[in-house]
Amino acid sequence: MRALRLQRWKNEPELVEVPDPEPGPGQVVIRVGGAGACHSDLHLMHDFEPGQLPWDPPFTLGHENAGWIHAVGPGVHHLEVGTPVAVYGAWGCGRCPRCLAGVETYCENPTEAPVPGGGGGLGVDGGMAELMLVPDARLLVPLPDGLDPRDAAALTDAGLTPYHAIRRSWPKLPPDATAVVIGIGGLGHLAVQILKVTTAARVVAVDTRDEALELAEECGADLAVRSGHNAASQIRRATRGRGADVVIDCVGVDATLALAASVVRTLGDLTIVGIGGGTLRLGFFTIPYEVSVQTTYWGSRGELAEVLELGARGLLRATTTTFSLDEALEAYRALRQGAITGRAVVVP
Ligand code: NAD
Ligand code: ZN
Ligand code: ZN
């Protein structure tokens with residue numbers, strides 16, 4: 001079969017021929033129905049050096065996947081060939097308390113996972129291929145009725161990541177609260193929708209691009225603000241001087257972190273989701289009192305089931321542009337140039 005593989009750090013991936021995967025005991029092979037092109041893949045191609053992550057290329061890209069059961073290994077009895085499934089992408093050891101709770105992102109025995117802190121498309125072969133090997137049936141969530149793998153793929157990361165970040169801040173989002181989402185790309189446009197369907201907070205979207213701001217409004221944002229000098233004062237005015245109760249930064253560069261810190265309000269949450277490499281200076285006088293600052297990584301298996309439920313009920317829908325496997329490199333090029341509205345999904 002063909003697969004889009006990252007062969008070396010600091011390189012573009014290559015579309016190459018590889019052997020079809022075969023499922024071993026407890027394993028499953030899926031026929032990929034959709035593999036999302038995440039901005040993190042651009043960081044993998046361009047930003048990381050050897051030794052910076054606990055794993056190295058070569059591996060097949062694509063960590064945002066859904067498809068149909070293609071073949072099951074010995075001992076897998078509950079999944080029938082042809083069943084549509086989403087892949088939970090953070091692969092832990094499966095046995096530690098965190099993994100048992102479904103929070104495999106923060107596995108306590110990372111050396112017993114397929115690779116430490118990774119998963120399919122992140123150190124192990126992912127979904128930018130016709131078939132994908134999933135090392136344990138527990139990592140598959142059958143799709144609820146009404147959700148197609150092509151639509152579900154983006155929900156497994158671009159949906160799950162902001163869902164987890166927002167869910168942990170629910171107590172700070174009563175109806176008179178304001179949430180700010182910075183960066184309305186793959187993650188951000190779903191973050192806006194998740195805020196609208198799971199809270200009654202007012203939602204402010206920030207981006208540098210017209211198309212992204214338009215998409216934010218289509219997704220239900222109450223206010224769309226262009227990133228730049230006036231963004232903070234616009235947000236302050238819109239909140240009658242109070243500022244934002246929750247800021248979700250889906251970019252994570254110095255400028256967006258500074259904006260987040262300047263608009264977050266006392267007792268608020270400032271959550272860094274984007275891995276843009278920026279830093280936030282933190283000290284007693286740099287941030288309002290009792291603001292909690294956190295990074296978040298992806299989400300849990302249980303939260304993935306919740307996100308898929310929102311998708312199946314039509315409450316959460318990724319805006320996607322589809323590409324064939326042959327066009328996958330083109331998808332990443334467009335993403336890099338800021339020419340994708342919503343999510344690019346490769347349909348092998
Ligand atoms: P994307 O390219 O689809 O979207 C990024 C958006 O940010 C674009 O709309 C772009 O116009 C906008 N933007 C860029 N600079 C900006 C600025 N200065 N001010 C306002 N907006 C700006 O990317 P994505 O796939 O949604 O990923 C977003 C970030 O989240 C990336 O850094 C990615 O690596 C990271 N990510 C993190 C996790 C996690 O678990 N923490 C998971 C997935 C992705
Ligand atoms: Zn991702
Ligand atoms: Zn574990």
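For ligands, and for the atoms within them, numbers begin at 1 and follow the listed sequence.
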Quiz item: In terms of hydrophobic clustering (I, L, V, M, F, W, Y; side-chain heavy atoms under 4.5 Å; direct or indirect links), are M132 and V16 co-clustered?
Solution: no
Quiz item: Charged N to carboxylate O below 4.0 Å: is that the case for E327 and R333?
Solution: no
Quiz item: Around the Zn ion (ligand 2), how many protein N, O or S atoms are there at under 2.8 Å?
Solution: 3
Quiz item: So does R242 have more than 12 non-hydrogen atoms from other groups sitting under 6.0 Å from CZ?
Solution: yes
Quiz item: Rounded to 10°, how many degrees is the angle SG/C107-the Zn ion (ligand 3)-SG/C99?
Solution: 110°
Self-check item: Heavy-atom check, side chain of T320 versus side chain of R343, under 4.5 Å
Solution: yes
Quiz item: Do T271 and Q294 have side-chain N/O donor and acceptor atoms under 3.5 Å apart?
Solution: yes
Quiz prompt | Heavy atoms from other residues, nucleotides or ligands near CD of Q52 exceed 12 (cutoff 6.0 Å) | solution = yes
Practice problem: Using a cut-off of 6.0 Å, state whether more than 12 heavy atoms not belonging to R236 lie near its atom CZ. | Solution: yes
Quiz prompt | Neighbouring protein residues of ligand 1 - any heavy atom closer than 4.0 Å | solution = C38, H39, S40, H43, D157, T161, I182, G183, I184, G185, G186, L187, D207, T208, R209, S227, C250, V251, T256, V273, G274, I275, T296, Y297, W298, L335, R343
Quiz item: Within a strict 4.5 Å, meaning less than it, do heavy atoms of the Q7 and P57 side chains meet?
Solution: no
Quiz item: Taking the Zn ion (ligand 3) as the vertex, what is the angle from SG of C96 to SG of C93, given to 10 degrees?
Solution: 110°
Quiz item: Within a strict 4.5 Å, meaning less than it, do heavy atoms of the E104 and C99 side chains meet?
Solution: yes
Quiz prompt | Within 6.0 Å of CD in E108, more than 12 heavy atoms from elsewhere | solution = yes
